[in-house]
Number of protein chains: 4
Amino acid sequence: MAQPDKRRRILDAAVTVFAQNGFYNSKVSQVAREAGVADGTIYLYFKNKEDILIQVFIDSMAAILARQETALANLTDPAEKLRVFIATHFNSVAESRALAEVLTVEVRQSSKFMRGTDMKPFGQYLGMIARIIDDGVVSGAFRSNVDSRLSARAIFGAIDELSLAWAMERGSAALSDACERVTAFFMTGLEA
Amino acid sequence: MAQPDKRRRILDAAVTVFAQNGFYNSKVSQVAREAGVADGTIYLYFKNKEDILIQVFIDSMAAILARQETALANLTDPAEKLRVFIATHFNSVAESRALAEVLTVEVRQSSKFMRGTDMKPFGQYLGMIARIIDDGVVSGAFRSNVDSRLSARAIFGAIDELSLAWAMERGSAALSDACERVTAFFMTGLEA
Amino acid sequence: MAQPDKRRRILDAAVTVFAQNGFYNSKVSQVAREAGVADGTIYLYFKNKEDILIQVFIDSMAAILARQETALANLTDPAEKLRVFIATHFNSVAESRALAEVLTVEVRQSSKFMRGTDMKPFGQYLGMIARIIDDGVVSGAFRSNVDSRLSARAIFGAIDELSLAWAMERGSAALSDACERVTAFFMTGLEA
Amino acid sequence: MAQPDKRRRILDAAVTVFAQNGFYNSKVSQVAREAGVADGTIYLYFKNKEDILIQVFIDSMAAILARQETALANLTDPAEKLRVFIATHFNSVAESRALAEVLTVEVRQSSKFMRGTDMKPFGQYLGMIARIIDDGVVSGAFRSNVDSRLSARAIFGAIDELSLAWAMERGSAALSDACERVTAFFMTGLEA
DNA sequence: TATGAATGAGGTTTCATTCAT
DNA sequence: AATGAATGAAACCTCATTCAT
């Protein structure tokens with residue numbers, strides 16, 4: 001009987017439903033059914049439908065940011081850091097295709113129209129990549145003429161697109177392969 | 001007074017409106033007003049609201065595909081081809097921020113849920129990149145161990161993300177700069 | 001090229017279309033297509049959509065009234081008159097199932113809501129039956145205690161229902177059989 | 001304050017509104033207002049507007065069928081049965097002119113266009129009449145040469161038309177009078 | 001007379017949100 | 001905290017009608 005974390009269950013249900021139908025084609029009642037709660041209960045935990053998506057985004061970004069920080073904690077070599085970052089990203093995505101779809105597609109779509117949604121977590125994520133590159137430039141591991149913000153964004157775009165391709169085509173095994181190849185690819189583009 | 005191509009005007013209006021509010025937050029009547037036609041007129045040219053978005057996609061992809069083909073027609077050097085391809089993409093995007101937003105965000109979002117939408121034009125676009133890479137591999141200009149499909153997708157992801165960044169931040173006249181830099185970046189990743 | 005009676009063609013087309021889809025589910029453009037004219041042309045001959053139905057009714061009733069008058073002209077025996085009346089009704093209906101459906105169903109449905117539609121022709125039709133009965137009562141051929149208005153209405157209801165049954169079930173051959181039987185049936189109810 | 005059977009209230013409201021304006025000229029919002037519920041509430045109980053009409057038909061036919069069965073339960077004489085059947089029909093109609101109009105006019109009009117509407121209850125109703133006649137033929141009370149299906153349909157057409165006449169003219173308290181007369185009329189047509 | 005592209009009012013229906021229980 | 005029946009605003013789309021040609 002005791003439903004320990006109802007908020008969590010609603011968020012998970014939302015990810016499933018949003019991934020399947022897209023945010024705008026999903027009905028709050030579908031999320032409620034998937035979560036095993038009444039429609040009204042949703043509104044005890046979230047301000048409105050949009051808020052569910054925002055919280056999915058915030059929670060998920062927090063989780064992946066923490067995960068990246070843990071993964072990178074003991075590394076010093078910039079090339080190795082970037083390799084691990086990319087691998088961690090792909091691993092996170094691999095754990096939940098649904099979440100990957102929601103983050104890459106739905107949030108991107110909707111964020112522009114959600115006034116006051118704090119997109120900082122996304123900026124932080126880009127910032128992590130940029131910092132790795134900057135470190136590499138400073139340490140001499142990477143070319144000195146790379147634009148770290150731009151490269152970070154390009155790298156993110158590439159791995160995000162590959163995640164999405166994987167998410168939509170279900171070609172699951174290929175993901176780790178893609179991870180290795182794309183990493184190698186970028187390394188050559190960066191290394192001094 | 002009769003505006004010649006009403007279909008064209010509606011499509012242009014739709015791009016503007018969809019870019020501003022997102023497809024699902026846009027009302028057909030807004031598109032009509034922007035196009036300077038009555039609501040019902042829309043339905044003389046399009047099956048329904050979704051169909052407008054689909055036609056935007058089809059028309060725009062056809063235009064950019066044609067443009068790329070023209071641009072690449074007389075080139076033989078794979079590296080040069082890729083350089084031109086990327087430049088052409090950025091130039092196309094630069095001409096209409098709104099169109100860029102609709103193509104990268106709205107179409108991506110919605111295409112999954114539009115049964116029967118032919119995504120082939122997108123496949124063709126990826127195919128163009130892949131073919132350039134394949135040619136480069138054959139000619140020895142590019143490494144032999146690159147996966148052309150994967151690289152194509154990664155490259156597309158990167159330039160698409162950069163387009164989007166530019167589109168959303170409005171600021172950067174930096175697009176052409178980004179173009180050069182990202183091209184150089186990929187070149188190093190590919191060249192033998 | 002010369003389309004002699006466009007009004008006639010539109011009315012015929014309307015009967016076909018209304019019988020198939022019902023008045024309210026029929027579109028003016030369908031009638032136009034069926035008649036081989038442009039949508040706008042309809043409005044050169046009819047005030048509006050409802051007017052088409054009204055004219056179908058008026059024209060058809062005039063035709064059947066005239067037909068009945070001709071058929072009954074030389075008859076004197078009330079029983080014979082009634083027999084011929086019923087036969088003429090069934091024959092008229094048999095010539096156009098579509099018209100039968102429109103007259104029995106659509107006009108009945110709609111007449112209540114068409115202000116100012118003159119339902120007199122229908123009253124005249126009932127009146128013809130009633131007069132035959134009255135004559136029969138006077139001549140002693142029919143019972144003296146029959147209520148001619150009531151009986152007329154009952155008889156009309158019966159033959160109308162049978163027409164409709166025939167129209168909907170297409171059981172074409174059965175119509176003349178039904179005609180004979182129902183006539184015999186009513187005769188027994190009336191004859192002194 | 002909670003009205004017990006909202007479905008019932010909506011059906012009753014629908015009968016009133018449909019009788020007044022006709023099905024196709026009635027707006028769902030009118031039915032809602034008449035029922036004292038919000039527009040959306042209608043759709044908690046009915047699939048769509050058409051479904052309301054279908055349910056009116058199904059419910060009403062079930063009611064009148066049950067009523068006829070009760071009324072006829074203890075009777076054995078075929079002539080008496082028919083007499084009671086017709087009386088029961090007229091009584092049912094007399095209780096609600098609006099319902100009579102909807103059943104005779106609107107349902108008839110629309111049923112053809114409502115795919116999947118089960119018209120069996122109407123067939124059952126006709127079947128009840130036919131069975132009474134068949135019984136009468138077997139028992140020798142009625143002529144042996146009557147066609148029971150045909151006669152049933154004729155009888156139904158007659159009483160339906162008279163109901164409608166009464167419903168539309170509002171005036172006649174004459175309904176029970178009509179009942180007696182038409183019964184007598186048919187008896188003579190049937191009796192051996 | 002004839003056309004048919006354009007109009008725009010308005011209805012059906014959906015669904016996020018509320019609130020009495 | 002939880003429910004889910006009820007709400008009602010709002011949008012897509014249809015289609016009768018008009019009018020410039």
Side-chain angles (χ1 to χ4, degrees), chain A residues 1-3 6-7 10 23-33 35-52, chain B residues 1-3 6-7 9-10 24-33 35-52, chain C residues 1-3 6-7 10 23-33 35-52, chain D residues 1-3 6-7 9-10 24-33 35-52:
Chain A
M1 164 110 312
Q3 308 285 358
K6 216 161 265 197
R7 189 190 122 95
I10 294 170
F23 177 70
Y24 287 103
N25 292 310
S26 298
K27 296 159 203 48
V28 171
S29 62
Q30 283 176 51
V31 174
R33 178 155 52 265
V37 301
D39 292 19
T41 305
I42 302 265
Y43 292 85
L44 297 175
Y45 295 90
F46 301 93
K47 221 169 61 244
N48 51 36
K49 188 187 171 189
E50 248 178 21
D51 189 38
I52 307 176
Chain B
M1 117 185 8
Q3 303 272 357
K6 218 158 270 199
R7 188 191 124 94
R9 271 171 51 215
I10 294 170
Y24 287 103
N25 290 310
S26 298
K27 289 148 211 50
V28 171
S29 61
Q30 285 174 49
V31 175
R33 179 155 50 263
V37 300
D39 291 20
T41 305
I42 302 265
Y43 294 87
L44 297 177
Y45 295 91
F46 302 94
K47 230 175 46 251
N48 51 37
K49 188 187 168 190
E50 248 181 20
D51 190 39
I52 307 176
Chain C
M1 167 107 313
Q3 309 285 358
K6 215 162 268 197
R7 190 191 121 94
I10 294 170
F23 176 70
Y24 287 103
N25 292 311
S26 298
K27 294 158 204 47
V28 171
S29 62
Q30 283 175 54
V31 175
R33 178 156 52 264
V37 301
D39 292 18
T41 305
I42 302 263
Y43 292 86
L44 298 174
Y45 294 89
F46 301 91
K47 220 169 63 245
N48 51 37
K49 187 186 170 189
E50 248 178 21
D51 189 38
I52 306 175
Chain D
M1 109 195 9
Q3 302 275 355
K6 215 157 273 196
R7 186 191 126 95
R9 272 170 51 215
I10 294 169
Y24 288 103
N25 292 310
S26 299
K27 289 149 211 46
V28 171
S29 61
Q30 285 174 49
V31 175
R33 177 155 51 263
V37 300
D39 292 19
T41 305
I42 303 265
Y43 293 88
L44 296 177
Y45 295 90
F46 302 94
K47 228 173 49 251
N48 49 39
K49 188 186 168 189
E50 248 180 21
D51 190 38
I52 307 176

task = Sort out for me which residue in A/Tyr45, A/Tyr43, A/Phe46 forms a side chain to side chain contact (heavy atoms under 4.5 Å, CB included) with A/Asp51.
result =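 It is A/Phe46; the other options fail the test.
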
query = Does NZ or CZ of A/Lys49 come closer than 6.0 Å to the centre of the six-membered ring of A/Phe23, within 45° of the ring's axis?
reply =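 Checked: cation-pi criterion met.
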
Value in whole Å for how far the [atom2] atom of [N] lies from [atom1] of [X]:
{"X": "C/Tyr43", "N": "F/dC15", "atom1": "OH", "atom2": "P", "answer": "12 Å"}
{"X": "C/Leu44", "N": "F/dT17", "atom1": "CG", "atom2": "C1'", "answer": "12 Å"}
{"X": "D/Asp39", "N": "E/dT13", "atom1": "CG", "atom2": "P", "answer": "11 Å"}
{"X": "A/Arg7", "N": "F/dA2", "atom1": "CZ", "atom2": "P", "answer": "14 Å"}

Could you grab the distance from atom [atom1] of [X] to atom [atom2] of [Y], nearest 0.5 Å is fine?
{"X": "C/Arg33", "Y": "C/Asp39", "atom1": "CZ", "atom2": "CG", "result": "8.5 Å"}
{"X": "B/Tyr24", "Y": "B/Glu50", "atom1": "OH", "atom2": "CD", "result": "5.5 Å"}
{"X": "D/Lys6", "Y": "D/Ile42", "atom1": "NZ", "atom2": "CD1", "result": "11.0 Å"}

key: Nearest to side-chain heavy atoms of C/Lys49, which nucleotide of F/dA16, F/dT14, F/dT3   =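 Among F/dA16, F/dT14, F/dT3, the one nearest the side chain of C/Lys49 is F/dA16.
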
key: Closest-nucleotide ordering on DNA chain E, the 5'-leading residue of B/Ala38 and A/Ser29   =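 It is B/Ala38, whose closest nucleotide lies nearer the 5' terminus.
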
request  = Please answer whether the main-chain N or O of B/Ala35 pairs with a side-chain N or O of B/Arg9 as donor and acceptor at a distance below 3.5 Å.
outcome  =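 Confirmed, B/Arg9 side chain pairs with B/Ala35 backbone.
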
ask   = When all nucleic acid strands are considered with a 4.0 Å heavy-atom cut-off, which category describes C/Tyr45: base, sugar-phosphate, or nothing?
value =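 The answer is sugar-phosphate, as C/Tyr45 gets under 4.0 Å only of primed atoms, P, OP1 or OP2.
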
ask   = Mind pulling the stems DNA chain E is in, i.e. runs of at least three Watson-Crick or G-U pairs, everything under 3.5 Å?
value =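 Looking at DNA chain E, the stems formed by three or more consecutive pairs are E:2-21 with F:2-21.
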
